[in-house]
There are 2 protein chains.
Amino acid sequence: MRADAVRNREAVLAAAGRLFDAAADPERVSMDDIAAAAGVGKGTLFRRFGDRLGLIRALYEQRSVELHAALATAPGRPAAQRALDLLEAMLRFKLDNRVLALALENAGAGSPYRNEAYDRWHALLTGLVAEARGPESADYLAHVLLAAVRSDLVEHLRDRSDDRWTAGLRLLVRSVLSPAEGDGTTPIGRAGPGASAAPTASPEPAADRPHTR
Amino acid sequence: MRADAVRNREAVLAAAGRLFDAAADPERVSMDDIAAAAGVGKGTLFRRFGDRLGLIRALYEQRSVELHAALATAPGRPAAQRALDLLEAMLRFKLDNRVLALALENAGAGSPYRNEAYDRWHALLTGLVAEARGPESADYLAHVLLAAVRSDLVEHLRDRSDDRWTAGLRLLVRSVLSPAEGDGTTPIGRAGPGASAAPTASPEPAADRPHTR
DNA sequence: TAGGATGCGGACCGTCGGTCCGTTTGAACT
DNA sequence: AGTTCAAACGGACCGACGGTCCGCATCCTA
């Protein structure tokens with residue numbers, strides 16, 4: 001890569017980072033804005049990053065180095081603890097990089113799920129869920145745990161105190177990552193043994209009639 | 001409202017419905033498309049519905065009548081069961097109205113949460129969560145449950161069998177809506193003393209301290 | 001230092017959501 | 001029926017955006 005190309009790449013990433021940090025809404029940061037702020041032609045942006053999503057992804061990768069550290073703290077700890085660490089790290093990242101994270105989740109052709117990074121986190125979490133509570137529906141539960149720290153939800157609950165966030169996350173992870181009880185066909189109402197507040201079962205499944213598709 | 005206005009309103013909703021049902025991606029249905037398909041000027045669209053979001057909302061309201069039925073099935077059943085019913089109804093709705101649901105969740109100024117309908121569901125679910133497991137973090141857990149059936153997640157897992165969906169949802173609701181155990185301060189890894197499966201209960205109210213805002 | 005490849009910039013394009021305004025139409029009143 | 005006017009209509013128009021194109025400048029190699 002030519003020297004000026006490297007220089008410009010840096011300039012663009014820096015400018016984009018600044019603009020996203022300052023913006024209230026990712027959609028208010030246009031490619032023209034970024035080009036102008038970087039002191040670079042628009043063509044250069046697209047030549048280097050392909051399209052808007054490419055630029056956002058590059059910026060995300062650059063900033064998420066710290067996030068990957070959470071992955072490294074692996075060894076002997078219980079799966080549930082590791083899952084909680086991971087989710088808390090993601091939460092913190094999304095609080096610190098609000099607009100960028102929002103941009104990434106919205107920019108992908110409509111879906112946050114068409115994203116290599118997501119797949120990595122999801123695979124990791126799926127493993128932890130399976131380890132903690134068994135393989136049944138582990139992948140779906142992993143999706144749900146990740147959805148619990150989706151950018152726009154974080155944004156929606158932004159003014160919450162850290163304590164409240166941590167408490168909610170902790171409760172969630174503890175609930176979901178407790179080993180499965182029962183056989184999956186028991187009506188939901190009954191919780192574990194000794195649950196006093198649990199409503200006594202009043203069957204009526206009515207749940208799974210095959211719905212139209 | 002004038003007669004022609006009524007007629008046109010219907011025509012627009014019908015056309016929009018058809019177009020969204022046929023489209024693969026909500027963004028591929030433009031306001032011009034809808035106006036043309038309805039045999040109506042563009043100005044009419046905007047005069048009647050304000051903006052794109054308004055039109056989508058109107059269409060959503062029209063189609064979600066059935067959904068509200070799920071709300072009516074209230075009385076004596078356990079909270080967890082009612083929550084599951086609600087989530088399954090939402091899932092079914094989003095499978096049947098894929099593109100429209102996606103449109104609604106994306107169209108809101110960036111956020112699916114800036115939406116009156118969402119608030120209603122969330123309030124209802126929060127109540128159920130509190131009833132089933134206590135008030136602690138109930139509102140956050142309700143958000144998470146709703147996130148478990150978000151349109152784009154549903155879209156991502158679209159090819160799943162109905163059985164798998166139901167199983168996952170059931171497991172999730174059962175986990176999250178079991179009465180709270182533990183005291184919320186114990187590190188997750190350690191379940192109760194010697195508890196390998198179900199942690200022993202140990203209340204701890206301490207639920208809703210006034211959080212910072 | 002000459003040549004070719006790489007990169008650059010910004011005018012340009014198609015599309016989209018939304019606005020404007022001259023024209024038409026429905027209906028209330030005589 | 002005729003008069004009147006608020007309401008509604010429609011489509012040309014606008015500004016903004018993401019993305020493309022291509023003549024020109026810049027860097028690297030021999």
Side-chain angles (χ1 to χ4, degrees), chain A residues 1-16 19-20 22-60 99-100 102-111 114, chain B residues 1-16 19-20 22-60 99-100 102-111 114:
Chain A
M1 204 156 84
R2 253 167 58 172
D4 50 351
V6 179
R7 200 170 42 230
N8 281 335
R9 191 190 141 91
E10 292 310 306
V12 167
L13 284 178
L19 289 181
F20 277 119
D25 173 355
E27 313 226 339
R28 306 208 70 108
V29 180
S30 74
M31 297 299 270
D32 298 79
D33 291 342
I34 297 175
V40 139
K42 206 180 178 182
T44 304
L45 253 68
F46 286 92
R47 160 176 287 265
R48 193 58 53 198
F49 299 99
D51 59 5
R52 186 180 163 87
L53 178 57
L55 170 54
I56 291 172
R57 266 210 265 256
L59 195 49
Y60 170 80
V99 185
L100 175 60
L102 273 171
L104 183 65
E105 291 189 10
N106 290 338
S111 178
R114 242 191 128 65
Chain B
M1 205 158 85
R2 251 166 59 170
D4 50 349
V6 179
R7 201 170 40 231
N8 281 335
R9 191 190 141 91
E10 292 311 305
V12 167
L13 284 178
L19 288 180
F20 276 119
D25 173 356
E27 314 225 339
R28 305 209 69 108
V29 179
S30 75
M31 296 299 270
D32 297 80
D33 290 343
I34 298 175
V40 140
K42 208 181 177 182
T44 303
L45 252 70
F46 286 92
R47 159 176 286 265
R48 193 58 54 201
F49 299 100
D51 58 4
R52 186 181 163 87
L53 179 57
L55 171 54
I56 291 172
R57 267 211 265 256
L59 195 49
Y60 171 81
V99 184
L100 175 60
L102 273 171
L104 183 65
E105 291 190 11
N106 290 338
S111 177
R114 238 189 132 67

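So that the names make sense, note that chain A is the first sequence line, chain B the second, and so on, each numbered from 1.
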Touch check for B/Arg2, heavy atoms < 4.0 angstrom, all strands: base, sugar-phosphate only, or nothing? base

Can you name the residues that form a side-chain contact (heavy atoms from CB on, under 4.5 Å) with B/Ala35, not counting sequence neighbours? B/Leu45

Please find the pair of heavy atoms, one from B/Ala37 and one from B/Leu19, that lie closest to each other, and give the distance. CB-CD1, 3.9 Å

Any side-chain heavy atom of A/Leu59 sitting closer than 4.5 Å to one from A/Phe49? no

Does B/Leu104 reach the side chain of B/Phe20, with side-chain heavy atoms less than 4.5 Å apart? no

Round to the nearest Å and state the distance from [X] atom [atom1] to [N] atom [atom2].
X: B/Ile56; N: C/dC16; atom1: CD1; atom2: P; answer: 14 Å
X: A/Arg7; N: D/dC28; atom1: CZ; atom2: P; answer: 9 Å
X: A/Asp4; N: D/dC27; atom1: CG; atom2: P; answer: 5 Å
X: B/Met1; N: D/dA7; atom1: CE; atom2: P; answer: 13 Å
X: B/Arg9; N: D/dA7; atom1: CZ; atom2: P; answer: 18 Å
X: B/Phe49; N: D/dA8; atom1: CZ; atom2: C1'; answer: 14 Å

Would you say D/dC9 has OP1 or OP2 under 4.0 Å from some side-chain N or O of B/Asn8? yes

Just N and O in the side chain of A/Thr44: are any of them under 4.0 Å from OP1 or OP2 of C/dG7? no

Roughly how far, to the nearest 0.5 Å, is CD1 of A/Ile56 from CG of A/Leu102? 10.5 Å

Output for pair (A/Asn106 CG, A/Asp25 CG), nearest 0.5 Å, gives 8.5 Å

If you check every side-chain atom of A/Val40, which of D/dG18, D/dC27, C/dG9 has the closest atom? C/dG9

Of the candidates D/dA8, C/dG18, D/dC27, the side chain of B/Arg48 sits closest to D/dA8

Partners passing side chain to side chain donor-acceptor pair (under 3.5 Å) against A/Asp4 (at least two apart in sequence or in another chain): A/Arg2

So which pairs with a foot in residues 40-55 of chain A pass salt bridge (Lys or Arg N to Asp or Glu O under 4.0 Å), sequence neighbours left out? A/Asp32-A/Lys42

Under the salt bridge (Lys or Arg N to Asp or Glu O under 4.0 Å) definition, can you give me all pairs with a residue in residues 6-15 of chain B, not counting sequence neighbours? none

What residues in residues 25-35 of chain B put a non-hydrogen atom under 4.0 Å from any atom of DNA chain C? B/Ser30, B/Met31

Any N/O pairs under 3.5 Å between the protein and nucleotides 20-23 of chain D? List them or say none.
none

